[in-house]
There are 2 protein chains.
Amino acid sequence: MTENMPEQTAENTPLQQMVMFRLARLHAKVNAQSTKILNKSAGLSLSQWRIMVLIETHGKITPTKFVRLTKFDKGLVSRTIKGMIKSGLLHSESSKSDQRSHLVDMTEKGRALFEKARPHMRQRQSRLLECMTLAERQALFQSFDKLELAIDDLESLS
Amino acid sequence: MTENMPEQTAENTPLQQMVMFRLARLHAKVNAQSTKILNKSAGLSLSQWRIMVLIETHGKITPTKFVRLTKFDKGLVSRTIKGMIKSGLLHSESSKSDQRSHLVDMTEKGRALFEKARPHMRQRQSRLLECMTLAERQALFQSFDKLELAIDDLESLS
DNA sequence: CTTTTTTTGTTGACACATCAACTAAATTTG
DNA sequence: CAAATTTAGTTGATGTGTCAACAAAAAAAG
């Protein structure tokens, strides 16, 4: 009935909460689709994928370095890596300079799954980027930067 | 040490995954801050707040209508409302035309807490919007629209 | 060198999110 | 109107994300 009516848009809502709402919804959609693609193409979870992507671009890495780069929760990272080692996707070599720390890298099995999922993830990523012009993409990333800064600023004075 | 170095930016990463990563990080930050503000100012959770905001702008509402408007999970909505009724923030009046359905509205207690949290949430919202120009805000929402559409399109042909 | 502080990583508890199975009322269909 | 389908809402199982407490190694301070 009221199917295609714009019941909640930037226009009819008192700006109120729009950033938060829209961000949450978009994030949920992107995540759900990522999860589906990863699971279908390689049986990977989103957390596993994220760790693999960072290993791919930065080489073998310590959990703490991963946390610093991504700001993801260190508990979640620890557990995900532990699981991936158990299932043979990663192997860890303990650092000689620091007995607490360990460098983590993909195994052949892990890399094989990564390569299996990658084209699908790349294609999705391309589609997401292609729906905007270059200028729009740059503006989007710039807005992300500004928003993160604004949040950090507010955080610091509270 | 490598504290303020842009270790992971749009420039030095092969575009790869940036939309997803940035979106996830921003969402996490916004959410964490919202949760903190709501909890500190009124002891509300984010889910509770979302329901209250929609009641405020749309008047008394059924769970299903809320789900259609926000795309939030209906299980989560059901449980959140149940909890809010139990703690006296909402009351429900059963619809006479449909015995399954019930209209939900804020109680005085609920509204009082809502009003207590609102100025803090508004101020934060303002700060988030003020960090961008009008044109940038419009571009941001437009990009959100485009991205959601792109995801839906991909979804439909799979 | 020994005490204190910081850093690395793990773990437990818990809130939030997602998915699917389910009940019951309403609606559609033949 | 009876059977089949759709819709509203609840519930359980499970996965993900967040927070804080913790142990052990390393670094800094005395």
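A note on names: the letters A, B, ... follow the listed sequences, proteins ahead of strands, and every chain is numbered from 1.
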Do B:Glu93 and B:Lys60 meet the salt-bridge criterion of a basic N to acidic O distance under 4.0 Å?
yes
Answer yes when A:Glu155 and B:Lys29 have at least one side-chain N-carboxylate O distance shorter than 4.0 Å, and no when they do not.
no
May I ask you to say what B:Ala28 touches in the nucleic acid, namely base, sugar-phosphate or nothing, with a heavy-atom cut-off under 4.0 Å?
sugar-phosphate
Just compare D:dG9, C:dC19, C:dG9 and give me whichever is closest to any side-chain atom of A:His102.
C:dG9
Establish whether the base of C:dG12 is bridged to the side chain of A:Arg79 by a donor-acceptor pair shorter than 3.5 Å.
yes
B:Lys74 NZ to C:dC19 P: how many Å, rounded?
13 Å
Between NZ of B:Lys65 and C1' of D:dT7 the distance, given in whole Å, is 16 Å
Under 4.0 Å between a side-chain N/O of B:Arg50 and OP1 or OP2 of C:dA17, yes or no?
yes
Return whichever of A:Gly75 or A:Asp98 has its heavy-atom-nearest nucleotide of DNA chain D closer to the 5' end.
A:Gly75
What's the closest nucleotide to the A:Asp73 side chain, out of C:dG9, C:dA25, D:dC19?
D:dC19
Send over the distance from B:Trp49 CH2 to C:dC16 C1', rounded to a whole Å.
19 Å
Reckon B:Lys82 touches a base, only the sugar-phosphate, or nothing at all at heavy-atom distances under 4.0 Å?
sugar-phosphate
Aromatic plane relationship, A:His27 with B:His27 - under 30° parallel, 30 to 60° tilted, over 60° perpendicular
parallel
Across the strands shown, which category fits B:Ser97 at heavy-atom distances under 4.0 angstrom: base, sugar-phosphate, nothing?
sugar-phosphate
Salt bridge B:Glu115-B:Arg118, side-chain N to carboxylate O under 4.0 Å:
yes
Does B:Ser101 make a side-chain N or O approach to OP1 or OP2 of D:dA8 shorter than 4.0 Å?
no
My understanding is that only one of A:Ile55, A:Asp105, A:Ile81, A:Ile51 makes a side chain to side chain contact (heavy atoms under 4.5 Å, CB included) with A:Ile61; could you say which?
A:Ile55
State whether the number of non-hydrogen atoms from other residues, nucleotides or ligands found under 6.0 Å of B:His120 atom NE2 is greater than 12.
no
Check whether any side-chain N or O of A:Ser47 sits under 4.0 Å from OP1 or OP2 of D:dG17, and answer yes or no.
yes
Check the phosphate of D:dG9 against B:Ser78, side-chain N and O only, distance under 4.0 Å to OP1 or OP2. Yes or no?
no
Return the value, rounded to whole Å, for the distance between atom CE of B:Met84 and atom P of C:dC16.
12 Å
Distance, rounded to the nearest Å, where B:Lys71 contributes NZ and C:dC19 contributes C1'
18 Å
On a plain distance test, is the side chain of A:Arg100 in donor-acceptor contact with the base of D:dA25 below 3.5 Å?
yes
Answer with base, sugar-phosphate or nothing: what part of the nucleic acid does A:Ser45 contact at a heavy-atom distance below 4.0 Å?
sugar-phosphate
5'-most contact on DNA chain D: A:Phe72 or B:Pro63, nearest heavy atom basis?
B:Pro63
Whole angstroms only, please: what is the CD-P distance between B:Gln33 and D:dG17?
20 Å
Using atom CG of B:Leu46 as one end and atom P of D:dT16 as the other, report the distance to the nearest whole Å.
20 Å
Nearest-Å distance, NZ (B:Lys29) to P (D:dG17)?
17 Å
